[in-house]
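Taking it in order: structure first as structure tokens, then the write-up.
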Amino acid sequence: MELTEAVMIIMVTGMTIGVPLLGLTLRFALKPVVETWLRVREVQARGQVSAGELEGLRARVAHLEYMLERHGMLEHPVARVSSPELPERLSTPVRLDRERV
């Protein structure tokens, strides 16, 4: 076997095995990056949070702060702007479309 023939056998074998392995490596390395980029674009396309969603989130945070304060689990008391009496449960639940982890 000549040197040229040996080099060709090694190169063909390397390319036959190396190219698919390189492709799989790139696929697994780039998949999380591409998915993250697509999610960012999707969120940007949806736009800003609407006023109703923002008010609902404020109500939820106020309720959670109230419950934590009531059970003595807050380190720093929260100054309230709204009424001091909050109900045990929120009257209208806020539904947000989000992915469960």
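On a predicted model such as this, the values are computed, not experimentally measured, just so you know.
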Would you list the atom pairs, donor with acceptor, under 3.5 Å between side chains in residues 11-29 and any protein atom, with sequence neighbours excluded?
{"from": "T13", "atom 1": "OG1", "to": "I9", "atom 2": "O", "distance (Å)": "2.8"}
{"from": "T16", "atom 1": "OG1", "to": "V12", "atom 2": "O", "distance (Å)": "2.6"}
{"from": "T25", "atom 1": "OG1", "to": "L21", "atom 2": "O", "distance (Å)": "2.8"}

| What residues join V34 in its hydrophobic cluster, counting side-chain heavy atom gaps under 4.5 Å, either direct or through other members? | W37, L38
| query | So do R58 and E55 actually touch side chain to side chain, heavy atoms under 4.5 Å? | reply | yes
| query | Could you state the interatomic distance from CZ (R70) to NE2 (H63), rounded to the nearest 0.5 Å? | reply | 9.0 Å
